[in-house]
Student: 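Before we start, here is the structure in question, set down as structure tokens.
When reading the values below, keep in mind they use all heavy atoms of this one structure, side chains included, and skip hydrogens, waters and symmetry mates.
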Amino acid sequence: MRSDPDLVVPLLSMAAGWDARLSAWVYWKSLSEHRAVGGEDRWWLLRLEALRWGHRAMVNRFDAAAADRVAPAAGWEVRWAVGAPLDGRRLRSLTGHPGGAVATAESDGVPVVVTAGSEGTVRVWDLTTGGQVGPHPAGRSPGVRAAATATADGRTVAVCSGWDGTVRVWDLATGDTLGEPPGGPARAITTAVLHGRAVAVTADDEVGMQVWDLLTGRPSGCSFTGRTTSVTAMDTAEVHGRARVVTGTCRGTVRLWDLATGKKVGQPLIGHVGAVLAVATTAVHSRVVAVTGGWDGTVRVWDLSTGKPLGRPWTAHTGPVWAVATTQLQQRTVALTGGEDGTVRLWDLATGEQLGPPLTGHAEGVVAVATATVDGLPVAVTSSSDDMVQVWDLTPVPVTPLAGHTGYVRTVAVSRLAGRAVAVTGGDDGSVRLWELDTGRPAGPALMGHTGPVRAMVTATVDRREVAVTVGGDGLRVWDLATGYGERITSCPGRAVAVAEVRGHAFAVTGGDDGRVRVWNLTTCRQVVGPITKHSGWVMALAAAEVGGRAVVVTAGDDGLIWDLSTGEQVGGPLTNHSGWVAALAVAEVRGRAVAVTGGDDGTVRVWDLTTLEQIGAALTSQCRGARMAAAGTVNGRPVLATIGRDGRAVRLHDLATGRTMRPDLVLPDQIRAVAFAPDGELVVGYGSEVAVLTPPP
């Protein structure tokens with residue numbers, strides 16, 4: 001943990017066994033943060049990641065070494081963290097190379113994968129060790145669109161097409177460039193054997209489809225006839241003893257071509273709505289089939305002998321399907337499909353059934369999939385827009401620790417339920433979830449009802465019930481935390497919410513994208529004030545307070561405003577010292593005074609006396625270019641403010657009594673979108689799709 005990360009990374013690919021592989025995964029997932037912090041903060045960050053991914057053995061090793069270290073992060077510790085499911089099938093990451101096209105082969109008896117990066121380089125990796133092998137193929141281009149491998153005259157070669165319109169062929173053993181293939185910005189590439197010679201087939205928008213000899217670069221076979229300029233994906237297969245090229249087009253059709261004559265075979269196969277993005281061919285029992293993935297999010301299987309679809313389309317992906325590959329797994333022919341949703345799914349081609357849970361681990365869409373055999377076991381190699389290339393063992397059963405939200409956590413709050421302190425979180429997946437503050441175990445089932453992201457949330461006591469009040473694009477809801485019952489009060493979209501008590505009644509205050517503020521009686525579920533229009537843009541945040549015996553609410557947007565909740569009238573003038581939008585807002589008590597804290601796009605955090613409406617002291621510094629959210633609480637008897645800047649991966653703590661920044665920042669491994677303090681000073685943080693509770697120093 002004190003070692004230079006650049007010295008550790010080469011060793012991670014050597015990890016063998018589940019415990020070692022999981023430890024390597026924990027390190028990889030927060031690698032970018034390791035390089036930005038010192039050794040002791042790295043200890044803190046790695047322990048957080050081990051908790052997040054359920055690696056209890058690693059956590060215990062960290063705790064056993066605690067006596068030998070200086071407390072990092074100003075003494076704050078991670079009590080618990082829960083995260084998205086961890087897939088135990090991931091073997092390793094191929095680091096140091098942006099993801100793009102991938103193709104597998106065997107070179108000198110070693111299973112390898114060729115990765116063609118978005119920055120234009122091509123690299124070759126040993127799939128057994130995860131290390132790079134051989135010289136890097138020469139030449140660079142602005143990026144690589146497609147890649148394929150083949151065996152030509154006893155040599156294993158890779159052929160890649162760049163965005164600059166070049167097509168290059170390399171000998172994988174020597175790195176030498178072979179031949180001078182025809183130019184043209186090929187969208188798709190596949191390889192085959194024609195008349196005993198290894199050939200490549202390329203498709204581009206200018207020339208159409210071409211066949212050429214891999215070793216000489218000269219044209220081979222006949223020219224293709226008919227319109228071919230809309231080809232977006234292709235593969236080859238042998239059907240009835242004839243070599244065929246199977247193409248997918250931007251118009252959603254699938255076509256067969258005779259490789260030797262260049263003529264179309266049969267009628268186009270119609271079914272996809274939108275472009276066909278991926279094609280793979282294989283044999284299932286006695287039938288030769290094509291598997292296609294489309295922009296419409298479906299995967300379709302076609303009998304290439306009859307041109308008819310086999311079964312219904314597969315619809316498990318929630319976005320475009322960018323990649324398809326096939327392999328043999330436990331005597332079954334299997335298709336692997338990668339999508340914009342970041343998952344890779346396995347399908348039994350004979351039955352159409354999905355095999356187990358999808359492979360998960362990429363943070364963005366999967367753009368390429370290839371398969372290989374390593375030490376007799378089937379593996380998959382996946383490339384993603386997140387610039388990661390992952391290698392997966394397709395045989396083990398995945399290990400899945402406690403999972404929470406499946407989308408970004410947008411808001412967090414703290415409440416009590418049956419005498420227990422609970423953290424309440426809302427996310428982009430539309431769910432509200434409850435966690436025991438002490439242990440991180442679920443405190444009840446997920447509360448489902450929102451049809452879109454939960455944008456803001458606050459907890460309160462209403463008629464002796466502990467409730468959560470949430471807003472999203474589909475309106476305002478109130479949830480009984482004990483029963484899980486939720487009621488929608490209005491369909492008016494909201495972006496911010498606060499709860500205040502006026503004359504013994506609880507009121508919710510909402511602010512929306514229309515710049516309006518509305519007040520709702522939570523007992524009767526009726527609007528009592530508003531809509532009030534003062535902000536000229538979004539209401540970004542709300543906070544309620546009591547000032548001089550009256551309930552007020554502070555609203556933040558293009559400026560900061562204060563409202564008397566009894567009358568709905570604005571109190572005083574706007575809080576105008578910010579030079580840009582006010583996006584972060586919190587209220588607190590400092591030395592007996594009610595204060596509001598505002599964070600702006602101008603990069604400053606300002607403290608305001610809510611009685612005099614004057615700024616207190618100088619502006620506090622935020623992170624990077626601006627504070628995007630804030631939370632106030634009491635830590636060890638002192639008023640403390642937590643802010644998150646636009647860099648988004650660290651919490652900065654401020655002592656509100658002195659105005660000093662408490663250092664160092666608390667670094668987390670993903671984007672932070674929500675923070676809240678518990679009464680005992682714990683900090684609940686929502687980062688990525690995960691939740692963590694941090695405890696302050698004694």
Side-chain angles (χ1 to χ4, degrees), residues 84 318 341 404-415 422-435 444-460 462 466-481 483-500 506-522 525-527 530-532 535 537-544 553 555-557 581 583-585 628-631 644 671-676 684-691:
T318 58
D341 57 7
H405 291 279
T406 58
Y408 290 128
V409 176
R410 293 285 178 183
T411 181
V412 300
V414 177
S415 184
V422 295
V424 189
T425 59
D428 273 358
D429 56 6
S431 72
V432 176
R433 297 176 182 268
L434 282 68
W435 313 90
L447 310 180
M448 306 299 296
H450 282 289
T451 58
V454 180
R455 292 177 173 177
M457 175 179 59
V458 64
T459 56
V462 178
E466 298 301 320
V467 303
V469 184
T470 59
V471 294
D474 60 348
L476 172 70
R477 290 179 180 269
V478 179
W479 307 86
D480 187 315
L481 295 182
T483 66
Y485 174 74
E487 180 178 2
R488 186 165 76 170
I489 294 179
T490 177
S491 60
C492 292
R495 185 169 292 272
V497 65
V499 171
F507 294 87
V509 187
T510 62
D513 293 355
D514 57 3
R516 297 182 176 184
V517 177
R518 298 172 172 88
V519 183
W520 310 82
N521 186 312
L522 288 177
C525 296
R526 296 193 177 191
Q527 184 173 326
I532 305 168
H535 291 284
W538 293 346
V539 178
M540 303 290 289
L542 290 166
V553 65
T555 62
W581 279 75
L585 178 64
R628 305 304 297 171
M629 61 195 70
I644 297 94
Q671 290 291 319
I672 305 165
R673 289 175 170 81
V675 289
V684 185
V685 183
Y687 62 103
S689 60
E690 285 76 48
V691 183

Student: From M448 CE over to W479 CH2, what is the distance, rounded to the nearest 0.5 angstrom?
Tutor: 8.0 Å
Student: Could you give the distance from OG1 (T459) to CG (L481), rounded to the nearest 0.5 Å?
Tutor: 7.5 Å
Student: How many angstroms lie between OG1 in T510 and CZ in R518, if you round to the nearest 0.5 Å?
Tutor: 6.0 Å
Student: Which atom names give the shortest non-hydrogen contact between L542 and G511, and what distance separates them?
Tutor: CD1-N, 3.5 Å
Student: Do the side chain of T318 and the main chain of D341 share a donor and acceptor less than 3.5 angstrom apart?
Tutor: no
Student: Heavy atoms, side chains only, cut-off 4.5 Å: are T490 and Q527 in contact?
Tutor: no
Student: So, using side chain to side chain donor-acceptor pair (under 3.5 Å) as the criterion, who are the partners of T451 when residues are at least two apart?
Tutor: D474
Student: Give me the atom names and distance for the closest heavy-atom approach of R516 to V539.
Tutor: O-CG2, 4.0 Å
Student: Heavy atoms, side chains only, cut-off 4.5 Å: are V454 and R410 in contact?
Tutor: no
Student: Taking side-chain contact (heavy atoms from CB on, under 4.5 Å) as the test, write out the residues that go with V469, two or more places apart.
Tutor: V458, V467, L476, V478, V497, V499, A508, L522
Student: Please find the pair of heavy atoms, one from G407 and one from S689, that lie closest to each other, and give the distance.
Tutor: O-CB, 3.2 Å
Student: Locate the shortest heavy-atom distance separating S431 from A446; write the atom from each residue and the value.
Tutor: CB-CB, 4.5 Å
Student: For H450 and G430, which heavy atoms make the closest approach, and how far apart are they?
Tutor: CB-O, 3.5 Å
Student: Do side-chain atoms of R455 reach the backbone of G494 as a donor and acceptor pair under 3.5 angstrom?
Tutor: yes
Student: Just one of I672, V412, I644 clears the side-chain contact (heavy atoms from CB on, under 4.5 Å) bar with V685, so which one?
Tutor: I672
Student: Nearest heavy-atom pair of A468 and V424: which atoms, and what distance?
Tutor: CB-CG1, 4.4 Å
Student: State whether the side chain of D480 and the backbone N or O of Y485 hold a donor-acceptor pair below 3.5 Å, judged by distance alone.
Tutor: no
Student: Which distance, rounded to the nearest 0.5 Å, do you find between the CG of L447 and the CZ of R477?
Tutor: 11.0 Å
